[in-house]
Each structure stands twice: as structure tokens, then as C-alpha cells.
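Take a look at the structure below.
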Number of protein chains: 2
Amino acid sequence: MARMVAERSDAIAPLAEVFREHGYEGASLALIGKATGLGKGSLYHFFPNGKEEMVRAVLGEIGQWFEDAVYSPLRNESDANGAIGAMLDATDQYFRSGRRVCLVGALAVANTRDLFAQAIRGYFVSWVDALQSALIRQGRDADQSRILAEEAVLAIQGAIVLSRALDDPAVFQRAIDQLRGRLVIENDASNNRGTIDDSSQNEGCLV
Amino acid sequence: MARMVAERSDAIAPLAEVFREHGYEGASLALIGKATGLGKGSLYHFFPNGKEEMVRAVLGEIGQWFEDAVYSPLRNESDANGAIGAMLDATDQYFRSGRRVCLVGALAVANTRDLFAQAIRGYFVSWVDALQSALIRQGRDADQSRILAEEAVLAIQGAIVLSRALDDPAVFQRAIDQLRGRLVIENDASNNRGTIDDSSQNEGCLV
DNA sequence: ACGAGATTGTACCAATCGGTAAAGTAATTA
DNA sequence: TAATTACTTTACCGATTGGTACAATCTCGT
């Protein structure tokens, strides 16, 4: 029998996947055990508060990844235009062109929203705020930037829903392309793809 | 004790509500019984195939309502501009400015998608097709109309997600306003609100 | 008023749910 | 090496799950 010792952090990525695919209530401890390779004992050793604590851990990890890979560049990068392009690239990769569901969005729509309201709100507020900051640094009006940032974040969520409903990743990619046209300011010398973070060419974030 | 005889059609609206609020798996027979006021016996008398048949009945009713109230005017109304404005009004009312979840979208995101794939696909394909038809009749290019229709339907779904995530109906209403600006062609003599179907001023569709 | 069919309440089922308890095994530290 | 901690296995719990069976009740055409 393969008996190995695991640590908490190894469980986060499989947990994220199983919650994305089955939702909070749909992800039973049996499914969670299968996805993580951990028995109930180990699961409750790492997450004494059960499923709720597992989701909170996953949300924390997701928030951290977006903070580092998306929000922070949008807020701090000197090349705001490039940061926005990089955001769109990262979004397309992270959500696998709509094949991967947004856990935060899914939780917001389900009746579990109230349980994780703070984390859900924080995720989207940070995204809109960071994008608005970059749009303003592009030279746009503050109010217009707010509206545009909200529209963009909302369009990404809608693109996930519609591309899954139609089972067609092209829907998601068209939505990203449209956003690129509306958010990125044309520049003859650039192809409008992210030039900042080429290290994000890896196969995609696990969490 | 109040003992009354019900009929199948009376159960559809409460069923729609309970599935919207709890999802397919989250809506237990206990919750369904409470919402409809029907016992298991009655429920399985009207819907012999259980929850799956209940959801199919609800999806059928929803599809019919949208066909009559939204798609058909978009496709057939001579005043395409007015029909689009009416669509936005109906959308805001139907989804209660984002306070009400879209059951079809929620099913598309959950792992129940495959079970209802055909109905889900039909709902969104009809919507995009009908809206494209109206946009073309406004005098727009066919390809551009396709893209724009897709963007609009997708934005509505995203607006539901984001306004629920932020618990702020104003997000949904701003999204509808933005769509009005992009879809409705300005006309000095009109305020760009739907002028066709003023009978839809009722408190909102039940299903 | 009566019979037929439609509707309902109740008891019941195996399976699964989230979660607990505790004894056992591995890794770490002293 | 001994003791301590970290992790895992297994068995178990009451509650709830979706679904079935069936007898009792109601509605309605005659």
C-alpha cells in the first residue's frame, strides 16, 4: 500500500478543482477524499472546520494568486497599457478559455453566497479597483474608468457562463478579444499583448 | 386543516424559485415540498421522474416566457430599436436588477450542465439569434451584430454574477444602462425605453 | 348518490450525507 | 534511542438524501 505523508498545502489545488466542478454542496467528502487522495481523518486534521474551512483556504489561495499575478501589476506597473493586456492574457489562461469555472463567481450565484460574502466581495472589489487604477493611468477619466472596469470584470464572468452554456470556448475568446479592443489603447509599435510578465507562459495556475 | 387539490401548473413557479435559490442538488425534496406546499406523493404524481422532470418543466416554462416576451418581439417587431429597449426593460424587471438569479445560467455553471445541455443551449442561442436579428434590422452589419448580440447576452449574465457578489443591484442597473447606450440607436423624439409592450408593467413574471 | 380517476398522506427503503472518536503508524526532536 | 508530535486508518454516528408503495381521500361526470 502506498502510504505517504501529505501536507495541507498539497490539498489546496485538488480542493479548488473539486469545488469548482461540483460546487460547495455538491462536493461531498467522498468526492473530496477521492480528489485529494486523503481520508476523512487527514482531511479533518488539516481542516478541523470541515468543508467551510477548505473553501476558505482555497479562496485565500485564489485571492493571493490574483493579487500577485493580476491586481498588483494593474495597480503598480508603470506600463498600465501593458498590464491590462497581461491581465487579459492571464484571464484567458487561468479560466482555460471558459472551460474552467470561476469558483468565486459560482459561489456568488449559489445560496452559499452569504457564508463567504466577505471573500467573494473582496475578490471582485480588488479586481475592479485595480483595473480602474490602470485605466486612469492610461489617461482616462476616473468615473469612466470605474464604469469600464466594472463592465470588463462583469464581461469576464458572463463569458464563462455563456461559453459553458454553449460549450464553446470560442465564445470566451471572442469576449476577451472584444475587451482588448475596448481596454487597450492602440500603439503602432506593439501588438497589444502583455509584455510585462512573460514568465506566465507556464501551463496555468493550479489553484 | 386546509386540504386542497392542486394542479401541476401551480407548482411551476414555486419550483422555479426553489431551484434558483438552492440549485439543482441543493434543492432537496424537503425544501421543494415546503416551497410548493406539496407532499412527496403529490410531487411524484405530477413529476414521475423526480427532480429532473421538475427542472425540465421549469426550463420549458422559462423558455416559453422569454420566447413570448423577448425573443419574438426582437425577431418580428417592425420597430427593432424599440424591441431592443423593451428587452432591456424586461431583463431588468425579470432578474429583479440582479437580485434574482438566472436559473439557466446557474445550471450552466454547475456540474448539472450536461443533464440539461440542450435546454440551456437553446435558451442562449435563441436569445443571441433574436437580438442579432433586431440589430441587423437597425441597419448594422451582420457580423458586427452577431458579436454585439453575444456581448450583450453575456454582459447580462455577468451583471447577475457581479451584482450578487457585491450585493448591489446598482451594478446590474449600470450594466443595463451601458447596454442601452451601446445597443439602442439614439433618436431625439424618443427616450429609448421600450414603447412596444407597456403591458409588461406588471410586478414581474412568476416563473 | 355513486363509481372512477385524480390527488394526497404516511410509512418505509437503502444509500449517502457531514462529522466524530480513537487507536495506530510515521516523522521529528531531544 | 526515547518521547513527542504529525499524520492516517478504520469504525461508527444520527440525520438526511431521492425515491417507492399503497391505502385513504377527494372531485367530478353521470
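Chain identifiers are assigned alphabetically (A, B, ...) following the order of the sequence lines, protein sequences preceding nucleic acid strands; residue numbering begins at 1 within each chain.
- In this structure, A/L31 places its CG atom 11 Å from P of C/dT16, rounding to the nearest Å.
- Summary of the strand contacts: B/G39 and A/L29 both lie near DNA chain C, and taking for each the nucleotide with the nearest heavy atom, the more 5' one is attributed to B/G39.
- Counting to the nearest Å, the P atom of C/dA15 and the CD atom of B/E25 are 20 Å from each other.
- Evaluation of the ring pair (Phe, Tyr, Trp, His ring centres under 6.0 Å) test over residues 36-63 of chain B, restricted to residues two or more places apart or in two chains, returns none.
- Among the protein residues, A/F46 comes within range of the sugar-phosphate backbone only, with heavy atoms under 4.0 Å from sugar or phosphate atoms but none that close to a base.
- Among the protein residues, B/G41 comes within range of the nucleic acid bases, having at least one heavy atom under 4.0 Å from a base atom.
- Taking atom CE of B/M54 as the reference point, atom C1' of D/dG19 lies 10 Å away to the nearest angstrom.
- Closest to the A/S28 side chain, of the nucleotides D/dT20, C/dG18, C/dT8, is C/dG18.
- Remark: P of C/dT8 and CZ of B/F47 are 11 Å apart, rounded to the nearest angstrom.
- One atom, CD1 of B/I32, and another, P of D/dG18, lie 7 Å apart when rounded to the nearest Å.
- B/F124 pairs by the ring pair (Phe, Tyr, Trp, His ring centres under 6.0 Å) definition with nothing, not counting sequence neighbours.
- Under the 4.0 Å criterion applied to side-chain N and carboxylate O atoms, A/R146 and A/D129 are assigned as salt-bridge partners.
- Side-chain proximity of A/H45 to D/dG18, D/dC7, D/dT17: nearest is D/dC7.
- In this model, no donor atom of one side chain and acceptor atom of the other lie less than 3.5 Å apart for B/Q173 and B/D177.
- In this structure, NZ of B/K40 is placed 20 Å from P of C/dT7, rounded to the nearest angstrom.
- Rounded to a whole Å, the CG atom of B/L43 is 14 Å from the C1' atom of D/dT17.
- A straight line from CD of A/E53 to P of C/dG18 spans 16 Å, rounded to a whole angstrom.
- Distances were taken from every side-chain heavy atom of B/S42 (C-beta onward) to each of C/dC17, D/dG18, C/dG9; the shortest belongs to C/dG9.
- For B/Y44, the listed nucleotide lying nearest its side chain is D/dT20; candidates were C/dC17, D/dT20, C/dG19.
- The aromatic rings of B/Y123 and B/Y71 sit perpendicular to each other, their planes meeting at more than 60°, with 30° as the lower class boundary.
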